Amino acid sequence: MSTRRLLVTSALPYANGHIHIGHLVEYIQTDIWVRFQRLAGNEVAYMCADDTHGTAIMIRAQKEGRSEESLIAEMREAHIRDFAGFDVEFDYYGSTNSEENRELCHEIWAALRKAGLVVEEDVRQLFDTEKGTFLADRFVKGTCPKCGAVDQYGDNCDKCGATYTPADLINPKSTLSGTTPEFRTARHLFVRIEDLHPFLTEWTQSGTHLQPEVANYLKGHFLGEPLRDWDISRPAPYFGFEIPDSPGNYWYVWFDAPIGYIAATKAWCKKTGSDFDSWWKTGPAEVHHFIGKDITYFHTLFWPAMLKTAGFKLPTFVHIHGFLTVAGEKMAKTKGTFVRGSTYLEHLDPAFLRYYYATKLSKGLDDLDLNLKEFEEKVNSDLVGKVVNLASRSAKFVQETGLATIYPEDGGLFAEAAAARDEIAADYDAGDFSAAMRKIMALADKANRYIDEKSPWTLRKDPSKADEVRQVCTVALNLFRQLAVYLAPVLPRLANQAGELLQTPIRSWNDVATPLVGTGVSPFTHMLKRVDEKQVQAMIEASKEPEPVAAPAVPATGAPTAAAGGVTPGASTDEATPVVDGPECLVAEPLAGVIAIDDFLKVDLRVVRVLAAEPVEKSKKLIRLTVSLGGDVRRTIFAGIKTAYDPATLVGRLIVVCVNLAPREMKGVGVSEGMVLAAGPGDKEIFILSPDSGAKPGQRLH
RNA sequence: GGCGGAGUAGCUCAGGUGGUUAGAGCAGCGGCUUCAUAAGCCGCGUGUCGGAGGUUCAAGUCCUCUCUCCGCUACCA
């Protein structure tokens, strides 16, 4: 095949968190692809960087009482260390907070201006007067105007699903300061992307740059109607780059983040002397982005639009993958399935995860499930039982003699495995790693069968058959070497070990085509250790976040740099542990402002008895309650508590209800005439209030 | 609630444009082997292809309805 030049990127990890096994799906996937391309003789530049700007970084730095720069420098170190631990090898790891990136942002911005795509518009947004900053929807919480659920974000209610703007929110509070924000208007800059609509339709629908389901998605969701202007500025204070011709405004993080791909390339070119323009402006170099499906829209609409306008090369292909689930569910800190890269590495070999992901990755956008039992079985039986075992069961018989000098007759096994080269290469190139792994393992099965048939351990007992033993092992080790080449993109260390064992390094994909003869054989040492269930369990345990009640107070830094190695497996929390209440609830929902007694008295809270409770069929969350206030005063109340309570257990209970809320129509199921008092964030964690015994229905709470 | 995805053997998954008795790996069971990291080899599958209906000579594969599960709902399209 002719040599290709490939500029490859993985999405830039945000400098606000550590790398976890979910992120690693993408970096491992990209790294495998890159290593394959290199092995196949193509020229590759693999670029990545930290994504460092935005409100979240600014707020966290503020909270930790440090500069943004020191925060992102620390995270960068951690990210680089984690990637290296998993053998993810970038040619350059940059930062969006770099001079190269600033220059490129200026350049692309100037092009957008010149093309007349930048427009200005006023945006009315909530403003935190204490912190002096505008508040994004998710930094505002309040009471849902539709269902009355408290503690809802500024854009939609996760109790009833209503969407609205922060302006509709009842009693909005800034989650930064707890104060009541006020509306202010600011001038924002927008990119009128609609001007590029025809170009984007053509580019996305050409069938060559995107997976078909992605092209469909874009066609159905965005391209069917005019594209909205893209708000790319944020008023100060903001951690990012100030817009040169609009003082006091900063580029929104999603503007400068993808430019980080180019900036990393530029920095790398400076360092190595490579010609920047040949990668991003002219010539045959291909640009390949690997991203998760969550950021599809930025990479397939805005990004091509920006590149096109500024005269950069367009992506050759955007490879989009699904998310990681663990045991069929999304990763959860409480279950210990939210495993950081660094935690994994303390317990397990990175090769295992690389191989496991490889067996699961295919061309599609499907989510990928990490099943821990399967992980263990696959690694042990495929890698140890099949592949490494080939070397392990034959190497020592030829340690003294080395390989035969002429490749022996092997019944066509070597040629057959060599013939799979193009097919396996095509699978790798297409990103269908699972298909490649299946084919490789089938070859490993054949090789093991061969050894079994030939039984060199039996032959060895007859001194006159020494030559035959050498021949059989020469075949076995050559078959092993082919597997090591085929697996080299996934398991680079194993490829090195195979090179050492047979005293000839693996350098090229074509090494599968020529058998090795006459080389020495080094003493065999274990190449991979079997996975022990205990290691997996230990990793999960170490990843579990303690129950809130037993949690030690979060350190003042607020940095969740938890307990590396500090886990005491046997530690029990059931008794004698003094209860220490963590601050996270207050953090999640800051204290409301002071009110007068009159305000409080407006709220009529009553003890009521639940007479009937039944689930609302159409709803995931609602239960219809009929409650008695004593006498024959009844109320019907819809409460969003189905996820936490079985209706039958509520009947007969005394609970507390706000009875003078305006009745509210609930999405076609009826009218709710009150609100049940309950605490907790929602889902399974909802806790209804009850009076102590002796209270009677109808009694008011003071 | 909205949007998206998925439902094929115990588990994880293959099954372009519909076409012989629906496949693989792993697990499991039985036997063999003992060189090898409790590794290897041989044999063993009556699966309502989530359910119902439809189109067709023919459907896991197309259409309609339906059930279940999962994900997303981020300064956001």
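What you are looking at is a predicted structure, and each value in this text was computed from that prediction instead of being measured. Chain letters run A, B, ... following the sequence lines, proteins first and then strands; every chain starts at 1.
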In whole Å, measure the gap between the [atom1] atoms of [N] and [M] for me.
N	M	atom1	result
G18(B)	G30(B)	C1'	40 Å
U21(B)	U66(B)	P	33 Å
A9(B)	U48(B)	C1'	13 Å
C44(B)	G2(B)	C1'	49 Å
A39(B)	A6(B)	P	36 Å
C69(B)	A59(B)	P	30 Å
G25(B)	U34(B)	C1'	25 Å
C70(B)	C63(B)	C1'	25 Å

With rounding to the nearest 0.5 angstrom, report the [atom1] to [atom2] distance, [X] to [Y].
X	Y	atom1	atom2	result
T474(A)	D410(A)	OG1	CG	11.0 Å
L479(A)	E416(A)	CG	CD	10.0 Å
F524(A)	L501(A)	CZ	CG	7.0 Å

Quick one: label Y297(A) by what it contacts on the DNA or RNA (base, sugar-phosphate, nothing), any heavy atom closer than 4.0 Å.
base

With heavy atoms under 4.0 Å as the rule, sort Y238(A) into base, sugar-phosphate or nothing.
base

Pair up each side-chain donor or acceptor in residues 233-242 of chain A with any protein partner under 3.5 Å, not counting sequence neighbours, and list the distances.
residue: S233(A); atom: OG; partner: L189(A); partner atom: N; Å: 2.8
residue: R234(A); atom: NH1; partner: D231(A); partner atom: O; Å: 3.4
residue: R234(A); atom: NH1; partner: D231(A); partner atom: OD1; Å: 3.2
residue: Y238(A); atom: OH; partner: V253(A); partner atom: N; Å: 3.1
residue: E242(A); atom: OE2; partner: G248(A); partner atom: N; Å: 2.7

Determine, for nucleotides 35-43 of chain B in 5'-to-3' order, which nucleotides have protein heavy atoms under 4.0 Å from the base (write B), from only the sugar-phosphate (write S), or from neither (write -).
BBB-SSSS-

Paired nucleotide for [N] [Watson-Crick or G-U wobble; both distances under 3.5 Å]:
N	value
A14(B)	none
G4(B)	C70(B)
U46(B)	none
U21(B)	none
C32(B)	G40(B)
A52(B)	U64(B)
A27(B)	none

Both E374(A) and L301(A) contact RNA chain B. Taking the nearest nucleotide for each, which residue is further toward the 5' end?
E374(A)

Between F298(A) and D382(A), the residue closer to the 5' end of RNA chain B by nearest nucleotide is D382(A)

Carboxylate-amine/guanidinium contact [X] [Y], below 4.0 Å:
X	Y	value
D349(A)	K529(A)	no
D229(A)	R192(A)	no
R449(A)	D452(A)	no

Closest approach to the side chain of R438(A), judged atom by atom: which nucleotide of U12(B), A14(B), C72(B) is it?
A14(B)

Set of side-chain hydrogen bond (donor to acceptor under 3.5 Å, both in side chains) partners for E374(A), sequence neighbours left out:
Y356(A), K360(A), K378(A)

Stepwise side-chain contact (heavy atoms from CB on, under 4.5 Å) check, I540(A) with L372(A)
CA-CA 10 Å; I540(A) 296 297; L372(A) 296 167; 3.7 Å; yes

Scan residues 461-473 of chain A for pairs that pass side-chain hydrogen bond (donor to acceptor under 3.5 Å, both in side chains), counting only residues two or more places apart or in two chains.
D462(A)-S464(A)

Rounded off to whole Å, could you give me the [atom1]-to-[atom2] distance for the [X] and [N] pair?
X	N	atom1	atom2	value
I440(A)	G25(B)	CD1	P	16 Å
H299(A)	A77(B)	NE2	P	18 Å
Y357(A)	U12(B)	OH	P	16 Å
K360(A)	U12(B)	NZ	C1'	4 Å

Counting C-beta onward and ignoring hydrogens, is there a side-chain heavy-atom pair between Y450(A) and V475(A) closer than 4.5 Å?
yes

Side chain to side chain, D128(A) and T179(A), heavy atoms closer than 4.5 Å
yes

Report all interatomic pairs (protein N or O, nucleotide N or O of nucleotides 3-7 of chain B) with separations under 3.5 Å.
residue: C3(B); atom: O3'; partner: H221(A); partner atom: NE2; Å: 3.3

Side-chain N or O of R228(A) less than 4.0 angstrom from OP1 or OP2 on A77(B)?
yes

Listed in order of residue number, which residues of residues 472-483 of chain A have a non-hydrogen atom at under 4.0 Å from RNA chain B?
none

Report yes or no: do T325(A) and D369(A) form a side-chain donor-acceptor pair below 3.5 Å?
yes

